[in-house]
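Single-structure report; data block below.
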Number of protein chains: 2
Amino acid sequence: MVASAAELVRRNGIAGTGFRDVVEHSGTPRGSISHHFPGGKRQMVSEAVRLSGAHAATIMSHAEQDGPAAALAEICNVFRRSLVATDYAAGCPVGAVAQEGWREPELREAASEVFDEWRRILRGLMRERGWSEERAEDMADLAVCAFEGALLMCRIDRSTAPLDHVEHLLGPMLEAG
Amino acid sequence: MVASAAELVRRNGIAGTGFRDVVEHSGTPRGSISHHFPGGKRQMVSEAVRLSGAHAATIMSHAEQDGPAAALAEICNVFRRSLVATDYAAGCPVGAVAQEGWREPELREAASEVFDEWRRILRGLMRERGWSEERAEDMADLAVCAFEGALLMCRIDRSTAPLDHVEHLLGPMLEAG
DNA sequence: GTGCTTCTATGACGCGAGTCATAGTACGGC
DNA sequence: GCCGTACTATGACTCGCGTCATAGAAGCAC
C-alpha cells in the first residue's frame, strides 16, 4: 500500500493521489485505510517518501565500492529507465513532496531526512576520494539538486537529455577532487 | 491577477491555489474570472508561468554583458532574497508546474518554453566565452537543473545553503570553458 | 465455543474546489 | 436616448476529496 502510494505520488503528485487511487492500484481493501494510517493521508505520504528514499539509498550503496560517479550513474540509470518505461510520467516522489508537501511538518521532515541521507552517502564517497569536507558537502548538494531538477526537466522535455547531461558533466567532477 | 496567481503558485503549488485565493490576494473582482480566463484555471496558471519565466529571463539578461556566471548569480540572488523574505515559502512557479501540471499539455508547453528560453540565454553567454555548442548545451542544462533542484531543497532545509553551493560551484564552471 | 483483538466493508458526511448561468453595471459611438 | 460591448456580481451546481462511524469478518488464546 505504501509502495503504491509512492508510485502514484511519483506520477501524479500528492494532490493528484487520492486514497481511492491507492486502494485501486494496490488491490488492498479500502476499509482499512484509517486503521493502517490513523494519521491520514499525511502519514501515508510520509511513509511512501521514506520508503522511496531508502530504496534509492540502497541503489546508490550498491555501487559504493566503485566511487561517487558510479553511485550517481546507478541512480540515474534507474530513474532514466523509469522515465522511459512510463512515458515520462514517473518523477521523484521526494521531489513531489518537496514541492507540494513542504508545509506539512511531517512531510517536510521526511523529505529532509531522505535528502540528508543521499547527501551523506555522496559526501562519504567523495571523502574517500580525498575531497575536503567542505568541498564534498558543496558538491553533494550540487549533485542532489541537479538530479532532482533534471527529473523535473525530463518530464517537461519528454526526453532524458537533461538527466544524461547532468550525469555526464557531474560524474567526472565527483571523481576528481 | 496573473501576477498574484504566479505568486501564490510559487508558494502553494497549483492544487493549493484556488481562484478564491487569487481574487483575494489581488483584490480583483471575483465575478470576472471566467471572463478574463475563459480557459479556466489552466489558462491562468499558464499565463502566470509565462509571466514569471519572462521576468526571470529579463533578470538574467540584466547581467548579460558580465557573462554567464554573473547571470546565474543575479537570478540566484533574486530567488535567495525571495526565499528568506517569505521564510522559505516562495519557490519557483515554473518548477511547481513542472511537478504538478505536466499532464496538462498547455501547462507543459508553457513550462517547456520558459526552460528553453533560460537555457538559450545561458547557452548564448557561454558561447561568447568560447564554449563549444555541445558543451554549452550540456552545461546550460546542468545549471537550470541544479537551480530548480536547489530551490526545492532550500525549502526543505529551510536554508539557502543548497542555492549558495550551486552558485559557488557552478559560477566558475560557467566562465571557464 | 467464547471473547478479544485485529482487520475489513460500506456508506454517509462535510468541505472546498472549479465551473457556469443569469443578472446587473459602466461606458463609448451614433 | 439607444444599443452593443466589456466587465462585474452573485450564487447555485456538481464533483471528488479526506474523514469517520458503524457494522461485519477472521484469527487465536483459553
Side-chain angles (χ1 to χ4, degrees), chain A residues 1-52 89 93 96-111, chain B residues 1-51 89 91 93 96-111:
Chain A
M1 203 160 180
V2 175
S4 282
E7 179 64 26
L8 291 174
V9 167
R10 280 182 79 174
R11 300 173 184 237
N12 307 322
I14 300 176
T17 300
F19 274 123
R20 289 157 180 82
D21 304 320
V22 174
V23 298
E24 184 181 0
H25 183 268
S26 62
T28 44
R30 181 189 150 216
S32 48
I33 293 172
S34 52
H35 185 262
H36 292 295
F37 301 104
K41 192 177 184 179
R42 262 186 303 278
Q43 182 186 356
M44 184 181 67
V45 175
S46 165
E47 293 186 14
V49 165
R50 290 178 200 272
L51 178 71
S52 304
V97 167
Q99 186 67 256
E100 297 184 65
W102 60 276
R103 278 194 192 276
E104 304 281 352
E106 190 175 345
L107 297 184
R108 198 189 69 83
E109 193 173 349
Chain B
M1 203 160 182
V2 175
S4 281
E7 180 63 26
L8 291 173
V9 168
R10 280 183 78 175
R11 300 174 183 238
N12 308 322
I14 300 177
T17 300
F19 274 123
R20 288 156 182 80
D21 304 318
V22 173
V23 298
E24 184 181 359
H25 182 270
S26 63
T28 43
R30 178 186 154 220
S32 46
I33 294 171
S34 54
H35 185 262
H36 291 296
F37 301 105
K41 192 176 184 179
R42 262 186 303 280
Q43 182 186 356
M44 186 181 66
V45 175
S46 165
E47 293 185 14
V49 165
R50 288 178 203 272
L51 178 70
V97 167
Q99 185 69 256
E100 297 183 63
W102 61 275
R103 279 194 191 278
E104 304 281 352
E106 189 175 346
L107 297 184
R108 198 189 69 83
E109 193 174 348

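B:Phe19 is not listed as a side-chain neighbour of B:Arg30, based on a closest heavy-atom distance of 4.5 Å or more. Contact annotation: the side chain of B:Met1 approaches that of B:Ile33 to within less than 4.5 Å [non-hydrogen atoms, C-beta and beyond]. When side chains are defined from C-beta on, B:Phe37 does not count as touching B:Val45, because their heavy atoms never get closer than 4.5 Å.
Protein atom CZ of A:Phe19 is 10 Å distant from nucleotide atom P of D:dC20, rounded to whole Å. What separates CG of B:Asp21 from P of C:dA17 is a distance of 6 Å, to the nearest Å. Rounded to an integer number of Å, the gap from CD1 of B:Ile33 to C1' of C:dT22 is 16 Å. The nearest whole Å value for the distance from the NZ atom in A:Lys41 to the P atom in D:dT19 is 8 Å. Across the protein-nucleic acid pair, A:Asn12 atom CG and D:dC17 atom P stand 11 Å apart, rounded to whole Å. The nearest whole Å value for the distance from the CD1 atom in B:Ile14 to the P atom in C:dG18 is 11 Å.
For the pair B:Arg10 and B:Gly91, the tightest heavy-atom approach, listed with the atom from each and the gap, is NE-O, 2.8 Å. Here the shortest heavy-atom pairing between B:Val22 and B:Thr28 reads O-OG1, 4.4 Å. Contact record, B:His25 with B:Ser4: ND1-OG, 2.9 Å, taken as the closest heavy-atom pair. Closest approach of A:Ile14 and A:Glu100 over heavy atoms only: N-OE2, 2.9 Å. The two atoms that bring A:Arg103 and B:Ala89 nearest to each other are NH2-CB, 4.3 Å, heavy atoms only. The two residues A:Gln43 and A:His36 make their nearest non-hydrogen contact at NE2-O, 3.9 Å.
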Notebook entry, point to check: What string of B, S and - do you get for nucleotides 4-10 of chain D 5' to 3' if you count protein non-hydrogen atoms under 4.0 Å?
Noted result: --SBBBB
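Of the residues in residues 96-106 of chain A, none lies under 4.0 Å from DNA chain C by heavy-atom distance.
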What protein N or O atoms touch nucleotides 13-16 of chain D N or O atoms at under 3.5 angstrom, if any, and at what distances?
none

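Environment of CD in B:Glu24: sparse, with no more than 12 heavy atoms of neighbouring residues, nucleotides or ligands closer than 6.0 Å.
Taken to the nearest 0.5 Å, the CG atom of B:Leu8 stands 8.5 Å off from the CE atom of B:Met44.
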